[in-house]
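This report refers to the structure that appears directly beneath it.
Along the sequence shown, the residues carry numbers beginning at 1.
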Amino acid sequence: EYMGGGDGDDGDFDDEFAGERVLDAQVYWWADKYRPRKPRYMNRVHAAYDWTAYNRTHFDHDNPPPKIIKGYKFNVMYPDLIDKSQTPRYTVTKNPDGETATLRFSAGPPYEDIAFTIVDREWEKSPPMYSA
């Protein structure tokens with residue numbers, strides 16, 4: 001279930017990267033006992049201007065450069081997990097186009113896997129440093 005995305009100021013990135021990616025149909029071994037369902041999630045795409053030396057020379061605040069994706073925030077909730085001792089997992093698979101990747105979350109019964117298309121770049125795992 002899609003519960004939100006960006007705040008509307010991220011332009012075209014909300015359309016392309018905020019939505020859920022459709023996965024191939026799967027048959028789960030536990031489907032006869034539990035009704036498979038999608039987990040609840042919220043995701044946010046953070047897009048901003050990149051003020052490089054080139055962009056500072058050729059653009060200004062009245063005519064800004066194109067926005068680029070700076071990051072994502074995914075909140076995937078599994079309130080009814082059968083085996084609460086098993087940690088949900090994620091995998092990243094590169095797409096054939098070379099510019100995007102598929103981020104897939106899986107947790108086990110009774111939840112189906114859920115996937116998103118993201119930009120294929122190295123991840124910055126340190127806490128964000130925001131300036132006021």
Straight-line distance of M77 CE to M42 CE, nearest 0.5 Å: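 Here the rounded value is 3.5 Å.
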
Can you tell me how far the CD atom of E112 sits from the CZ atom of R37, to the nearest 0.5 Å?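 It comes to 10.0 Å.
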
Which pairs count as ring-ring contact (aromatic ring centres under 6.0 Å, His included) when at least one residue sits in residues 84-103, sequence neighbours excluded?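 ring-ring contact (aromatic ring centres under 6.0 Å, His included) check on residues 84-103 returns Y90-W123.
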
Sequence neighbours excluded, which residues qualify as side chain to side chain donor-acceptor pair (under 3.5 Å) partners of [X]?
X   : value
T93 : none
D50 : none
K94 : D120
T52 : none

Determine, for K38 against D113, whether the closest basic-nitrogen to carboxylate-oxygen distance falls under 4.0 angstrom.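 Looking at K38 and D113, the cut-off is not met.
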
Looking at every non-hydrogen atom in both residues, tell me the closest pair between P109 and L81 and how far apart they are.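 Heavy atoms only, the tightest pair is O-CD2, 3.7 Å.
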
Does K84 NZ have over 12 foreign heavy atoms under 6.0 Å away?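 Yes, because the 6.0 Å sphere around NZ of K84 holds more than 12 heavy atoms from other groups.
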
Compute whether any side-chain donor of one residue and acceptor of the other, for N95 and T102, lie under 3.5 angstrom apart.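 Result is yes, a qualifying pair exists.
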
Side chains of residues 56-64: which donor-acceptor pairs under 3.5 Å do they make with residues two or more places apart or in other chains?
from, atom 1, to, atom 2, distance (Å)
R56, NH1, W51, O, 2.6
T57, OG1, A53, O, 2.9
H58, ND1, Y54, O, 2.9
D60, OD1, D62, N, 3.0
D60, OD1, N63, N, 2.7

Is [Y] close to [X] at the side-chain level, that is, under 4.5 Å between some pair of heavy atoms?
X    : Y    : value
Y111 : F105 : no
I68  : Y49  : no
F116 : F74  : yes
D80  : Y78  : no

Tell me if a side-chain donor or acceptor on R44 pairs with a main-chain N or O of N75 at a distance below 3.5 Å.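 The answer is no, because no donor-acceptor pair under 3.5 Å joins these two groups.
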
Donor-acceptor pair, distance only, cut-off 3.5 Å: does the side chain of Y72 make one with the backbone of V119?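 Checking the backbone N and O of V119 against the side chain of Y72, a donor-acceptor pair under 3.5 Å is found.
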
